[in-house]
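One structure below.
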Amino acid sequence: MIDTPCKLPDLPPVLKVIPMPADANQYGDVFGGWTMGHIDLAGAVLGHKVARGRIATVAVNTMQFHQPVSVGDIVSFFAEVEKRGKTSVTIKVQMYAERHPADPITVKVTEALITYVALNADGSKRELPAA
C-alpha cells in the first residue's frame, strides 16, 4: 500500500475518531463495516442539521474505499450537501486518516454519497425546511 499524501479539506470535521484493536482484523486493518457505519453517522450529522430533525438513510449512492484504515489512525470525516430535494438531502462524506505520528502523513481513505430523508415523529416523510 502506497500512502498518497493530501491535505484535509478546508471545512470543520463533523466527526473525528481513533479506531481501536476491536475494530480491526488480525492484520490491523479496520473492518469495512466500521468504516461504513462511521461514514453514515458523519453524513447524518449534517443531514440532521439540514432537516432540523429526524432523518433516515435511504440510499448509499456510492462508496469508494481508497486505502485501508489502520488501528491508531486519527480519522476525520468531512461532509457537504451535494443535492437538496423536497424531502431528501444527499450528502458527500470524505474520510481522511492522519497516520505515522513520527513522520505524519494525511491520506484520503474513503468517500461516499449518501441520501437521507426527513421524517416526522411518526416516521412519515416530511418536507425539508427552507435553506
Side-chain angles (χ1 to χ4, degrees):
M1 172 180 71
I2 298 172
D3 287 332
T4 304
C6 64
K7 290 185 177 183
L8 294 174
D10 193 21
L11 297 167
V14 294
L15 185 65
K16 267 191 146 167
V17 68
I18 299 174
M20 303 304 283
D23 304 318
N25 63 25
Q26 69 272 27
Y27 304 107
D29 296 329
V30 172
F31 295 117
W34 182 94
T35 299
M36 293 173 75
H38 282 80
I39 287 267
D40 188 27
L41 183 60
V45 169
L46 181 56
H48 186 271
K49 287 181 182 181
V50 170
R52 295 190 199 141
R54 185 176 175 188
I55 59 168
T57 306
V58 294
V60 177
N61 304 307
T62 64
M63 182 167 288
Q64 297 172 331
F65 296 90
H66 300 292
Q67 293 190 41
V69 176
S70 299
V71 169
D73 285 349
I74 298 172
V75 184
S76 300
F77 300 82
F78 298 86
E80 298 177 271
V81 173
E82 185 80 7
K83 183 174 130 186
R84 242 182 111 97
K86 186 175 175 183
T87 61
S88 65
V89 59
T90 300
I91 307 287
K92 179 180 183 179
V93 181
Q94 299 178 80
M95 182 178 173
Y96 292 81
E98 298 169 76
R99 51 180 56 147
H100 312 306
D103 188 19
I105 187 171
T106 300
V107 296
K108 186 175 193 177
V109 291
T110 309
E111 61 187 314
L113 281 176
I114 304 175
T115 301
Y116 303 89
V117 66
L119 299 176
N120 289 308
D122 66 0
S124 60
K125 282 188 203 178
R126 65 174 170 84
E127 288 190 18
L128 292 173

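Start at 1 with the first residue, then count along the sequence. On a predicted model such as this, the values are computed, not experimentally measured, just so you know. Atom set for the values below is all heavy atoms of this structure, side chains included, hydrogens, waters and symmetry mates excluded.
Of the residues listed (R52, K86, R84), the one engaging E127 in a salt bridge (charged side-chain N to carboxylate O under 4.0 Å, His left out) is K86, and it is the only one.
Nearest heavy-atom pair across I55 and A44 is CD1-O, 3.6 Å. Pairing each heavy atom of K16 with each of S76, the nearest pair is CE-OG, 2.8 Å. Minimum interatomic distance between L11 and A79 (heavy atoms only, all atoms of both residues): CD1-O, 4.3 Å. Heavy atoms only, all atoms of each residue included: K125 and T87 are closest at CD-OG1, 3.9 Å. Of all non-hydrogen atoms in S70 and D29, the two that sit nearest each other are OG-OD1, 4.4 Å. When every heavy atom of A22 is checked against every heavy atom of F31, the shortest pair comes out as O-CE1, 4.2 Å.
A single hydrophobic cluster is seen to contain both L46 and M63, as judged by linkage of ILVMFWY side chains at heavy-atom distances under 4.5 Å, directly or through other members. V60 and L119 sit in two unconnected hydrophobic clusters of ILVMFWY residues. Membership requires side-chain heavy atoms under 4.5 Å apart, directly or through other members. Hydrophobic clustering (side-chain heavy atoms under 4.5 Å, transitive across Ile, Leu, Val, Met, Phe, Trp, Tyr) keeps M36 apart from I18. Cluster membership check: V69 shares its hydrophobic cluster with V14, using side-chain heavy-atom separations under 4.5 Å among Ile, Leu, Val, Met, Phe, Trp and Tyr. L41 and V17 fall within a single hydrophobic cluster, where Ile, Leu, Val, Met, Phe, Trp and Tyr are joined by side-chain heavy atoms under 4.5 Å apart, directly or via other members.
You'll find the side chain of V109 reaches within 4.5 Å of the side chain of R99, heavy atoms only. I114 places a side-chain heavy atom less than 4.5 Å from the side chain of I39. By the 4.5 Å heavy-atom criterion applied to side chains, T110 and F77 are not counted as neighbours. Side-chain atoms of H100 and D3, non-hydrogen and from C-beta on, do get closer than 4.5 Å to each other. Side-chain contact check for H66 versus M95: every heavy-atom pair is 4.5 Å or farther apart. Inter-residue side-chain proximity for P13 and Y96 is flagged as unmet; no heavy-atom pair is nearer than 4.5 Å.
Environment of CG in D122: crowded, with over 12 heavy atoms of neighbouring residues, nucleotides or ligands closer than 6.0 Å.
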- Message: As a quick check of understanding, evaluate side chain to side chain contact (heavy atoms under 4.5 Å, CB included) for Y116 and D40, giving each step before the final call.
- Response: CA-CA 10 Å; Y116 303 89; D40 188 27; 3.1 Å; yes

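Residue E80 holds its CD atom at 6.5 Å from NZ of K92, rounded to the nearest 0.5 Å. A distance of 12.0 Å separates OG1 in T4 from NZ in K108, rounded to the nearest 0.5 Å. From T115, atom OG1 reaches atom NZ of K83 across 7.0 Å, with rounding to the nearest 0.5 Å. A distance of 7.0 Å separates CG of L113 from OG1 of T90, quoted to the nearest 0.5 Å.
Here the side chain of D23 pairs a donor or acceptor atom with the backbone of M20 at under 3.5 angstrom. One N or O on the side chain of H38 and one on the backbone of W34 form a donor-acceptor pair closer than 3.5 Å. Using modelled atom types, no side-chain atom of D73 and backbone atom of V75 make a donor-acceptor pair closer than 3.5 Å. A donor-acceptor pair under 3.5 Å is formed between the side chain of N25 and the backbone N or O of Y27.
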